[in-house]
Amino acid sequence: MTDSHEYWTDERCFITEWVNDPRHPGASLARARVTPGTLTQNHALSVHEWYIIESGQGEMHLGGKPAFLVYAGDVVDIPAGTSQQIRNTGDIDLIFQCLCMPRFEPACYQSLEAQEPEHHE
């Protein structure tokens with residue numbers, strides 16, 4: 001199934017699913033849009049992912065290593081299980097393709113951010 005409409009995610013970015021079909025489990029392709037100043041949620045996927053930067057600029061945090069800058073034309077290789085997040089450091093939207101192999105499914109996503117403790121009275 002492919003939803004070609006952009007939608008907001010808990011990851012703090014907008015996503016447009018271009019290719020994500022259970023009949024073709026080998027790969028999926030989505031477009032991410034991160035607004036200026038936004039830092040996406042720290043997370044890991046159980047699938048291999050590549051970010052293909054289209055426009056804007058950002059600071060990539062990958063696997064606990066020192067952050068590095070990314071610009072249009074850069075490709076970031078993100079092995080399965082690697083922590084990742086990206087901050088838009090520019091004044092225009094940071095836009096990139098997200099290529100996943102095998103295809104992305106919601107069960108692939110794991111938030112690595114601390115959860116707020118439940119409040120019990």
Side-chain angles (χ1 to χ4, degrees):
M1 182 173 143
T2 299
D3 177 3
S4 61
H5 292 59
E6 183 179 72
Y7 57 92
W8 175 253
T9 69
D10 289 340
E11 192 180 337
R12 297 189 289 269
C13 66
F14 294 91
I15 295 289
T16 304
E17 292 281 348
W18 280 344
V19 178
N20 193 342
D21 188 328
R23 296 172 299 167
H24 305 286
S28 63
L29 180 64
R31 175 186 183 261
R33 182 170 65 85
V34 181
T35 57
T38 299
L39 176 65
T40 62
Q41 186 177 79
N42 188 18
H43 67 284
L45 300 183
S46 62
V47 297
H48 202 112
E49 183 173 28
W50 292 265
Y51 284 178
I52 304 155
I53 311 299
E54 278 187 31
S55 61
Q57 64 184 44
E59 179 181 75
M60 187 75 203
H61 302 263
L62 189 62
K65 296 178 182 171
F68 57 94
L69 297 177
V70 293
Y71 302 94
D74 288 345
V75 176
V76 181
D77 185 348
I78 308 167
T82 303
S83 65
Q84 59 175 296
Q85 67 185 143
I86 193 167
R87 177 187 309 277
N88 181 340
T89 58
D91 56 4
I92 63 170
D93 288 347
L94 172 61
I95 298 174
F96 53 95
Q97 305 302 309
C98 306
L99 174 62
C100 292
M101 293 177 71
R103 83 178 183 92
F104 176 84
E105 298 180 64
C108 297
Y109 189 94
Q110 177 189 10
S111 173
L112 300 176
E113 293 191 352
Q115 300 294 319
E116 290 290 322
E118 290 186 31
H119 179 67
H120 298 283
E121 295 189 31

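Atoms considered below: every heavy atom in the structure, side chains included; atoms not considered: hydrogens, waters and symmetry mates.
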Query raised in the report: In Å and rounded to the nearest 0.5 Å, what is the OG1 to CZ distance from Thr38 to Phe14?
Result: 8.5 Å
Query - Within one Ile-Leu-Val-Met-Phe-Trp-Tyr cluster: Ile52 and Met101, side-chain cutoff 4.5 Å - result: yes
Query raised in the report: What are the two closest heavy atoms between Ala67 and Glu59, and how far apart are they?
Result: CB-CG, 3.6 Å
Query raised in the report: Is there a chain of hydrophobic side chains (I, L, V, M, F, W, Y, each step under 4.5 Å between heavy atoms) that links Ile95 to Val75?
Result: no
Report task. Any chance you could lay out the side-chain contact (heavy atoms from CB on, under 4.5 Å) test for Ser83 and Asn42, step after step, and finish with the verdict? Result -> CA-CA 7 Å; Ser83 65; Asn42 188 18; 3.8 Å; yes
Query raised in the report: Just by distance, do the side chain of Asn88 and the backbone of Ile92 share a donor-acceptor pair under 3.5 Å?
Result: yes
Query raised in the report: Picking from Leu99, Val76, Leu62, what satisfies side chain to side chain contact (heavy atoms under 4.5 Å, CB included) with Tyr51?
Result: Val76
Query - Approximate separation, where rounding is to 0.5 Å, of Ile53 CD1 and Tyr71 OH - result: 11.5 Å
Query raised in the report: Going through the distances and angles, do Arg87 and Met60 end up as a side-chain contact (heavy atoms from CB on, under 4.5 Å)?
Result: CA-CA 7 Å; Arg87 177 187 309 277; Met60 187 75 203; over 6 Å; no
Query raised in the report: Looking only at heavy atoms, what is the nearest atom pair of Cys98 and Glu49, with distance?
Result: CB-OE2, 3.3 Å
Report task. Flag the pair Asp77 / His48 as yes when at least one side-chain heavy-atom distance between them is below 4.5 Å, and no otherwise. Result -> yes
Report task. Determine, step by step, whether Ile78 and Trp50 satisfy the side-chain contact (heavy atoms from CB on, under 4.5 Å) criterion, reporting the C-alpha distance in whole Å, the side-chain angles of both residues, the deciding distance to 0.1 Å, and the verdict. Result -> CA-CA 6 Å; Ile78 308 167; Trp50 292 265; over 6 Å; no
Report task. Return the minimal non-hydrogen interatomic distance between Pro36 and Gly90, and the atom names on each side. Result -> CB-O, 3.4 Å
Query raised in the report: Without hydrogens or angle criteria, can the side chains of Gln85 and Glu11 be said to hold a donor-acceptor pair below 3.5 Å?
Result: no
Query raised in the report: Can you name the closest pair of heavy atoms from Ala30 and Ile15 and give their distance?
Result: CB-CG2, 4.1 Å
Query raised in the report: Is the shortest heavy-atom distance from the side chain of Val19 to the side chain of Ser28 under 4.5 Å?
Result: no
Query raised in the report: If you measure from the Lys or Arg side-chain nitrogens to the Asp or Glu carboxylate oxygens, is any gap between Glu17 and Arg31 under 4.0 Å?
Result: no
Query raised in the report: Is the side chain of Thr40 donor-acceptor paired with the backbone N or O of Ile86 at a distance under 3.5 Å, no angle test?
Result: yes
Report task. Using modelled atom types only, decide if a donor and an acceptor are shared between the side chain of Asp93 and the backbone of Arg33 within a distance under 3.5 Å. Result -> no
Query raised in the report: About how many Å separate CZ of Phe96 and CG of Asp74, when rounded to the nearest 0.5 Å?
Result: 12.5 Å
Requested in this report: For residues Pro102 and Pro25, report the shortest heavy-atom separation together with the two atoms involved.
Outcome: CB-O, 3.2 Å
Query raised in the report: NE2/His61 to CG/Leu39 distance, rounded to the nearest 0.5 angstrom?
Result: 5.5 Å
Report summary line: Output for pair (Thr35 OG1, Asp91 CG), nearest 0.5 Å, gives 12.5 Å
Query raised in the report: Can you tell me how far the NE2 atom of His43 sits from the CD atom of Glu113, to the nearest 0.5 Å?
Result: 10.0 Å
**Report entry** Shortest non-hydrogen contact from Leu94 toward Gly56
**Finding:** CD1-C, 3.9 Å
